[in-house]
Amino acid sequence: MRLDGKVALVTGSSQGIGQSIADRLAKAGAKVVINYRSHPEGAEVTVKQVNALGGQCHMVEGYCNTERGYSIGADLGIVDDVRRLVTESIEHFGQLDILVNNAGIEKRAPFWEVEENAFDAVMNVNLKGVFFATQAVTQYLMKTQRPGKIINISSVHEELPFPNFASYCASKGGLKLLTRNLSIELAPYGFTINNVAPGAIETPINTNLLNNPAQLGALLKNIPLGRLGQSNDIAALVEFLASDDADYITGSTFFVDGGLTWNYQEQ
Ligand code: BGC
């Protein structure tokens, strides 16, 4: 299989897009570290799904270890937690090849009402956490001289405005240029880094929208393919970017948005 022998860490994989990515990477043969902050029960669901896939028999101290998934609690907004997450992931499976920076949050408020702690929460998880997780993984890959793949789950809002979500847009815009910058710095070591930019995907981050028929209807009119995306639409691309087939791809953003980003029509 495409990812046989690889180990991946997927941040924020107790629900939504992260959960699908963990499942998909495991189906492609990888062992996966599942990370949660506030939903250990969701992480357990992911671990069970992943372990149900079985897999090759790895002999560990005389017994057949088919474990594919392992979960670690860590808050991506706290740098000490981020470093511990990376260290424990490497310790658990003995290696790390793929980092998927998926964890992300958004907080709705008009710009003039955004509180400092809300701004910090968004920036810490969406940008600072990605920065230091990537740094910790890079240090490990350099030391062990392994190739590596880093995939950031960004958003169409690394490009498009999103009124009432100024800090979210600032974090995703920052992620766009972080990826471009790191693609240059990391290339000599054989590490690639890319962004996947989802549009409106049916996940818990969108609960409010999904429960508001008027808002949902207006959004659907802007999506040329006429539907919300599913988590697996994102996970399929992540699997490809994590594989050797994507060795020559770095520094790019791939939109998975049903055509939303470039759709402007005069009525
Ligand atoms: C946000 C969603 C939003 C979607 C499309 C995503 O990045 O998390 O809340 O619906 O973009 O605007």
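What's counted below: heavy atoms across the whole structure, side chains too, no hydrogens, waters or symmetry copies. Read the numbers this way: they start at 1 and go in the same order the structure lists the ligands and their atoms.
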> Got a second to check how far Asn152's CG is from Ile193's CD1, nearest 0.5 Å?
Replying inline: 4.5 Å
> Can you list the atoms of ligand 1 that are under 4.0 Å from a heavy atom of Asn206?
Replying inline: 2 (C), 3 (C), 9 (O), 10 (O)
> Are Arg227 and Asp233 close enough, and set up right, to give a side-chain contact (heavy atoms from CB on, under 4.5 Å), and what steps lead you there?
Replying inline: CA-CA 12 Å; Arg227 66 167 175 94; Asp233 294 323; 3.1 Å; yes
>> If I take atom CD1 from residue Ile223 and atom CG from residue Leu228, how far apart are they, to the nearest 0.5 angstrom?
In response: 5.5 Å
>> Looking at ligand 1, is there an atom of it that comes within less than 4.0 Å of some heavy atom belonging to Tyr168?
In response: yes
>> Checking the side chain of Asn51 only, and the main-chain atoms of Gly69 only, is there a donor and an acceptor separated by less than 3.5 Å?
In response: yes
> So which protein heavy atom does atom 4 (C) of ligand 1 come closest to, and at what separation?
Replying inline: Gly199 O, 3.7 Å
> With under 30° as parallel and over 60° as perpendicular, where do the rings of Tyr168 and Phe165 fit, or are they tilted in between?
Replying inline: perpendicular
> What residue and heavy atom of the protein are closest to atom 1 (C) of ligand 1, and at what distance?
Replying inline: Glu106 OE1, 3.1 Å
> Looking at His157, which atoms of ligand 1 are within less than 4.0 Å of one of its heavy atoms?
Replying inline: 4 (C), 5 (C), 6 (C), 7 (O), 11 (O), 12 (O)
